Amino acid sequence: MNSQVRTRFAPSPTGYLHVGGARTALYAYLFAKKHNGQFLLRIEDTDQKRFVEGAMENLMKSLKWLGINWDEGPDNGGPHGPYIQSQRNDKYTAAVNQLLENGYAYKCFCTQEELDEMRRKQEARHEAPMYNRKCCALTKEEVDAKVAAGMPFVIRQKIPEGMIVIEDLIRGKVRFDSKSIDDQVLVKSDGFPTYHLANVVDDHDMEITHVIRGEEWLPSTPKHIWLYQAFGWTPPQYAHLSLLLNADRSKLSKRQGDVAVEEYIQKGYTQEAIINFIAFLGWHPGKGIEKEIYSMRELIEDFSLDNVHKSGAIFNLEKLDWYNWQWRRRKFLEEVEANPLNRKAILLKECEEYIAPEYKTADKEALLDRALKTVEEKVIQDPKPVNDYIKFYFVAPQFKPDIVYSEKMKVEEATVKQVIPEVIATISELSEEQWTEENIKVALVGIVAKLGLKNGQVFWPVRAILTGEQFSPGVFEVIWALGKRETLSRLTNIHL
RNA sequence: GGCGCCAUCGUCUAAUGGUUAGGACGCUACCCUUUCAAGGUGGAAAUACGGGUUCGAUCCCCGUUGGUGCUACCA
């Protein structure tokens, strides 16, 4: 035994990596790395009914993408393998036999119907639904006879009497009375262990020193401690994390938005932003520190369980958006700084998926160059993905009344009907040699003066029609980049 | 119902016996830019309630209320 810190993330593979799970994994990872320890990944797949094809691979992919890497796990192995519970059944069988021999567990032959009936009666009497220990009273001969007769059974933990106090790293002392704790099923009738048994056996075997897990496990922690005692093992330290919440403060659920990390990946959020965001959902560097942008390296440096919050945090997307653009800008600037001559290539990489292949050919190169030029500043200024800033150059947008007509800018339908023909006429007069941003600006300002309108009443609708976007590069640069022909075509094709 | 956990701006949070209760997101006003965004300077916005302890409670204790988790042969 060594004193090295070892933590683990132990998800059950039911499909995807939940953002709440990602946060739990992150905290366990940060804690281990902060103390130069190890972080392990273990798959808890003892419930055969919930098996989902490919879920484990999916989970590992998301975790890796986030930069949460494990020192030991199903794919890279380690000294305490296998790291998949369904492959460790012999260990659980050996452990539970030891419990049976020493009287810490017993076989239970009660059927589902009997249990249901018992609970119904208990509830009718307003009692806590708990197993009545009927089978605990069976003699060894009775048990052997039932087993010999082929009766199915489960193995239950015999909960001892008395109070138990658990020392939680986040919550302090938490007391439980064993009277309120049920004789937990340890091994199901299909021979597989439940979470409680497998978890304790594995954490001990894998030499886990700190169990960092969700708050939903707090009520069953006494069962786990008693199991350690029954085995004669030293329990690990516990840290129960609060839950992530929906906007209405209920437990974060699929119903009210995206909960899978992969969905955020698909939406274009950066790895750094997601990590930074979930790290701050329930943790803070403390000491009055006001810095909020933290890289993984910095998080490891400053992480401490002492500064983890007890209350649940709402998963607030607006802040994620802000983190995302902070990180996008930071990464873009770093990349450009490292390689200033390659600015165009970096932009191109950012825009790649929105640029149709035909624009990468020589004859379209000019438009692409101009488009990239107008978009350049935006990349480091705006929270939106750069894609949204460039795709309109290559696909003519729909006319969007919601955007074109703006109360704030004092742009109404009548304004647009008045302005657009003027713009078409004026732009048409500009020759090839006159096609500069400056001249376009002069032309539009001329229209403002001529019609006696405010700048925004002319600039806003033109830009909105040309781009179809609420936010975009400036109207002069857009017209310039699009070119005379495309500009006129877009302005002419709208039907007011 | 029983048991457990939690409680500072709308949200994420800082401060902890003595502060004009601080920051960030969002919202908002103005400035900048002859448009939007971005940027700059301001603004509105919180200690759930009731009792204690104390010279003094956001902070410590008790209760109430509210929220939430568990109460499976799920994890």
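Every chain is numbered from 1, with letters handed out A, B, ... down the list of sequences. A quick note: this is a predicted structure, and the numbers were derived from the prediction, not measured.
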Chemist: Choose from B:rC5, B:rG4, B:rC12 the nucleotide whose nearest atom is closest to any side-chain atom of A:Leu281.
Modeler: B:rC12
Chemist: If we take the P atom in both B:rG26 and B:rU41, what is their distance in whole Å?
Modeler: 16 Å
Chemist: Using the C1' atom in both, what is the distance from B:rA75 to B:rA37, to the nearest Å?
Modeler: 46 Å
Chemist: A:Ile275 CD1 to B:rC12 P: how many Å, rounded?
Modeler: 20 Å
Chemist: For the side chain of A:Pro129, starting at C-beta, report the closest nucleotide among B:rG4, B:rG1, B:rC73.
Modeler: B:rG1
Chemist: Choose from B:rG39, B:rA75, B:rC36 the nucleotide whose nearest atom is closest to any side-chain atom of A:Arg463.
Modeler: B:rC36
Chemist: Between A:Phe459 and A:Phe315, name the one whose nearest nucleotide on RNA chain B is closer to the 5' end.
Modeler: A:Phe315
Chemist: Any side-chain heavy-atom pair from A:Tyr238 and A:Ile212 closer than 4.5 angstrom?
Modeler: no
Chemist: What nucleotide, of B:rU34, B:rG4, B:rC36, holds the atom closest to the side chain of A:Trp460?
Modeler: B:rC36
Chemist: Please determine, for the side chain of A:Val154, which listed nucleotide (B:rU11, B:rC73, B:rC70) has the closest atom?
Modeler: B:rC73
Chemist: On the nucleotide B:rG26, are OP1 or OP2 found under 4.0 Å from the side-chain N or O atoms that A:Lys319 carries?
Modeler: no
Chemist: What I want to find out is whether A:Glu44 reaches A:Arg42 closely enough, with some N-O distance under 4.0 Å, to be called a salt bridge.
Modeler: yes
Chemist: Have a look at A:Met130 and say if it touches a base, only the backbone sugar-phosphate, or nothing, with a 4.0 Å heavy-atom cut-off.
Modeler: nothing
Chemist: From CZ of A:Phe476 over to C1' of B:rU34, roughly how many Å is that when rounded to an integer?
Modeler: 7 Å
Chemist: Could you check which nucleotide pairs with B:rC27 in any of the strands shown, counting Watson-Crick or G-U wobble with both distances under 3.5 Å?
Modeler: B:rG43
Chemist: Need one value for A:Gly282: base, sugar-phosphate or nothing, where a base atom within 4.0 Å counts as base even if backbone is also close, heavy atoms only.
Modeler: sugar-phosphate
Chemist: Report which part of the nucleic acid A:Ser242 touches: base, sugar-phosphate, or nothing (heavy-atom distance under 4.0 Å, all strands).
Modeler: nothing
Chemist: Rounded to whole Å, please give me the gap between CG in A:Asn316 and P in B:rC12.
Modeler: 7 Å
Chemist: Mind checking A:Phe277 for me? I need base, sugar-phosphate or nothing, with any heavy atom below 4.0 Å counting as a touch.
Modeler: nothing
Chemist: Just to confirm, is there a sub-4.0 Å distance from OP1 or OP2 of B:rC73 to any side-chain nitrogen or oxygen of A:Arg119?
Modeler: yes
Chemist: Find the partner of B:rG2: check Watson-Crick (N1-N3 plus N6-O4 or O6-N4) and G-U wobble (N1-O2, O6-N3) distances, both under 3.5 Å, and reply none if neither fits.
Modeler: B:rC70
Chemist: Determine the contact category for A:His240: base if any of its heavy atoms lies under 4.0 Å from a base atom, sugar-phosphate if only primed atoms, P, OP1 or OP2 are that close, otherwise nothing.
Modeler: nothing
Chemist: Nearest to the side chain of A:Lys49 - B:rC74, B:rG69, B:rC36?
Modeler: B:rC74
Chemist: Tell me: NZ of A:Lys188 to P of B:rA75, nearest whole Å?
Modeler: 4 Å
Chemist: Have a look at A:Ile181 and say if it touches a base, only the backbone sugar-phosphate, or nothing, with a 4.0 Å heavy-atom cut-off.
Modeler: nothing
Chemist: From the options B:rU34, B:rC6, B:rC73, select the nucleotide whose nearest atom is closest to the side chain of A:Val185.
Modeler: B:rC73
Chemist: Should A:Arg249 be listed as having a side-chain N or O under 4.0 Å from OP1 or OP2 of B:rU11?
Modeler: yes
Chemist: Between the side chains of A:Glu413 and A:Lys417, is the shortest nitrogen-to-carboxylate-oxygen separation below 4.0 Å, so that they form an ion pair?
Modeler: yes
Chemist: Are A:Trp322 and B:rC25 close enough that a side-chain N or O sits under 4.0 Å from OP1 or OP2?
Modeler: yes
Chemist: Touch check for A:Gln112, heavy atoms < 4.0 angstrom, all strands: base, sugar-phosphate only, or nothing?
Modeler: base
Chemist: When the distance from CG of A:Leu320 to C1' of B:rG26 is rounded to whole Å, what number comes out?
Modeler: 14 Å
Chemist: Round to a whole Å and report the spacing from CZ of A:Phe9 to C1' of B:rA75.
Modeler: 11 Å
Chemist: For residues A:Arg171 and A:His240, is any side-chain donor paired with an opposing acceptor at under 3.5 Å?
Modeler: no
Chemist: Taking donor-acceptor contacts at under 3.5 Å, does the side chain of A:Arg171 reach the base of B:rC5?
Modeler: no
Chemist: Please report the distance separating the P of B:rU65 from the corresponding atom of B:rU13, rounded so that it comes out in whole Å.
Modeler: 26 Å
Chemist: Distance check needed: B:rG4 C1' versus A:Lys251 NZ, whole Å only.
Modeler: 14 Å
Chemist: With a 6.0 Å cut-off (strictly less than), is the heavy-atom count around CD of A:Glu298, excluding the residue itself, greater than 12?
Modeler: yes
Chemist: B:rG63 and B:rA29: how far apart are their P atoms, nearest whole angstrom?
Modeler: 48 Å
Chemist: If we check salt bridge (Lys or Arg N to Asp or Glu O under 4.0 Å) with A:Asp183, which of these qualifies: A:Lys158, A:Arg156, A:Lys134, A:Arg133?
Modeler: A:Arg133
Chemist: Can you tell if the side chain of A:Leu281 reaches within under 4.5 Å of the side chain of A:Arg23, non-hydrogen atoms only?
Modeler: yes
Chemist: Can you tell me how far P of B:rC9 sits from CD of A:Glu318, to the nearest Å?
Modeler: 17 Å
Chemist: Would you say A:Ser311 places a side-chain N or O within less than 4.0 Å of OP1 or OP2 belonging to B:rG67?
Modeler: no
Chemist: Determine the contact category for A:Lys179: base if any of its heavy atoms lies under 4.0 Å from a base atom, sugar-phosphate if only primed atoms, P, OP1 or OP2 are that close, otherwise nothing.
Modeler: nothing
Chemist: Whom does B:rC49 pair with, Watson-Crick or G-U wobble, provided both distances fall under 3.5 Å?
Modeler: B:rG63
Chemist: Mind checking who B:rU19 pairs with, Watson-Crick or G-U wobble, both distances under 3.5 Å?
Modeler: none
Chemist: Please report the interatomic distance NE2(A:His196) to OG(A:Ser220), rounded to the nearest 0.5 Å.
Modeler: 5.0 Å
Chemist: Using only side-chain N and O atoms of A:His196, determine if any of them is under 4.0 Å from OP1 or OP2 of B:rA75.
Modeler: no
Chemist: So what does A:Thr194 hit on the nucleic acid, given a heavy-atom distance under 4.0 Å: a base, only sugar-phosphate, or nothing?
Modeler: sugar-phosphate
